[in-house]
Amino acid sequence: MRLLGAATAVALAFTSLPAMAQGAKPNDAEIAHIAYTAGVIDIKAAKLALKKSKNKEVRDFAENMVHDHTAVNDQALALVKKLKVTPEDNDTSKALVKQADAEHAKLEKLSGPAFDKAYADNEVAYHKAVDNALETVLIPDATNADLKALLTTGLKIFQGHEMHAEHVAASLK
Amino acid sequence: MPLGIGRLALLAALALSSPATAGETIHVKIDKMMFDPPKVSAHVGDTIEWANHDFVVHTATARNKDWDVTIPVNGTGRVTLKRAGDVAYFCRFHPIMTGEIAAAP
């Protein structure tokens, strides 16, 4: 139940996106910040997993999350610098952080196989929600071609993570 | 100029001792989360070389567990085929990335 709750909460954090899209679409500065924030959140979760987990598959996955999301965010930082855009905090990124903090607090209390399973399940749900947001709102609404291209590459990488997370979660059953 | 018996024997010995040196190198590009081409034909003794153009690390991992190659960013990774048969492979980090090698004897 708790896991289902976590997945729903992540999805809820993104529900402000379609609303934004109907009224005021998120601008490139906001989109860049949402994507960057989503990466930071996953890196933080991965670092917690590396601190807590002893499971090889979970650790390998977490290490890859740190590497890949750092690589994507480095590209994003280089891009916003080149475009002279200042990433803007917004309701979606704030909701994401709030939700992630709550999930982080839950995970911190767990250990051993219970932690591994909760982390892996949350990674599946989280990547699903982020990939869906990228596909339906963030990529279509991005106006700058370079930003759109980076988000599109990011989506492919994160879809890879989604499948990897599913494999890890399945291996824990 | 005829080759001496000794040299011929030496060449034969070299050929027998290291059949891999006779193999070709087959190049597979990794770009935008895809193995390109996704399917290659090769022979035992050939080397497959992957060149990673993405900004994240990838692997080429055989489903039959014969080999597991890490391909760094802006780098290459290679494997020399030791037996015949079709081998499906994928990237461990991004399992949506898949490829196939058909190795003839």
Side-chain angles (χ1 to χ4, degrees), chain A residues 35-36 39 42-43 46 49 55-79 82 120 123-124 127-128 130-131 134-135 139 145-171, chain B residues 26-40 42 47-82 85-102:
Chain A
Y36 187 86
D42 207 45
I43 291 168
N55 181 289
K56 191 183 180 300
E57 296 215 40
V58 171
R59 295 187 64 85
D60 284 353
F61 174 82
E63 255 168 41
N64 185 241
M65 289 309 103
V66 174
H67 290 157
D68 277 15
H69 285 284
T70 302
V72 174
N73 274 3
D74 284 351
Q75 298 276 325
L77 282 183
L79 180 60
K82 185 185 137 196
E123 284 298 297
V124 173
H127 279 92
K128 266 194 181 41
V130 171
D131 291 350
L134 277 165
E135 221 163 0
I139 292 171
D146 289 341
L147 178 61
K148 213 186 252 284
L150 178 59
L151 293 173
T152 304
T153 304
L155 173 61
K156 286 184 188 151
I157 295 171
F158 306 153
Q159 283 169 336
H161 295 168
E162 187 180 323
M163 199 179 199
H164 190 184
E166 280 167 357
H167 288 189
V168 175
S171 78
Chain B
I26 293 153
H27 298 272
V28 178
K29 190 168 82 167
I30 304 176
D31 194 17
K32 298 192 168 61
M33 306 292 289
M34 304 238 272
F35 294 111
D36 178 29
K39 186 170 182 174
V40 294
T47 296
I48 310 292
E49 183 177 286
W50 291 272
N52 184 3
H53 296 262
D54 283 339
F55 57 78
V56 293
V57 179
H58 293 300
T59 76
T61 305
R63 290 213 191 272
N64 65 10
K65 298 186 176 12
D66 266 6
W67 34 265
D68 180 18
V69 182
T70 299
I71 309 127
V73 175
N74 294 320
T76 56
R78 56 191 68 78
V79 69
T80 299
L81 302 173
K82 292 195 168 62
D86 289 356
V87 185
Y89 68 91
F90 66 106
C91 169
R92 270 191 292 118
F93 299 144
H94 318 97
I96 42 167
M97 298 170 60
T98 58
E100 206 180 326
I101 299 165

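Predicted, not measured: the structure shown is a model, and the values here were computed from it. Each chain gets a letter, A, B and so on, in the order its sequence line appears, and its residues count up from 1.
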(message) Quick check: under 4.5 Å, non-hydrogen atoms only, which of residues 54-62 of chain B neighbour chain A?
(response)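 Residues B/F55, B/V56, B/V57 are the ones that qualify, each having a heavy atom under 4.5 Å from chain A.
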(request) Determine which residues belonging to residues 65-78 of chain B lie within contact range of chain A, meaning some heavy atom pair is under 4.5 Å apart, and list them by number or answer 'none'. (result)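 Listed by number: none.
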(request) Pick out which of B/K32, B/M97, B/H94 makes a side chain to side chain contact (heavy atoms under 4.5 Å, CB included) with A/K156. (result)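 Only one option passes, and that is B/K32.
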(request) Mind checking the CZ-CE spacing from B/F90 to A/M163? Nearest 0.5 Å is all I need. (result)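 Going from CZ on B/F90 over to CE on A/M163, the span is 9.5 Å.
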(request) Look up atom OG1 in A/T153 and atom CE in B/M33, then write down how far apart they are to the nearest 0.5 Å. (result)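 Output value for this atom pair is 9.0 Å.
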(request) Output all residues satisfying side chain to side chain donor-acceptor pair (under 3.5 Å) with A/E166, sequence neighbours left out; order by chain, then residue number. (result)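 For A/E166, the residues satisfying side chain to side chain donor-acceptor pair (under 3.5 Å) (neighbours in sequence not counted) are A/K128.
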(message) So if I take each residue of residues 66-74 of chain A and look for any heavy atom under 4.5 Å from a heavy atom in chain B, which residues do I end up with?
(response)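 Expected list: A/D68, A/A71, A/V72.
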(request) Indicate the atoms forming the closest heavy-atom contact of A/G160 with B/P95, along with that distance. (result)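 Minimum heavy-atom separation between A/G160 and B/P95: O-CD, 3.2 Å.
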(request) Go through the atoms of A/E63 and report whether side chain, backbone, both or neither lie under 4.5 Å from a heavy atom of chain B. (result)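 Interface part for A/E63: neither.
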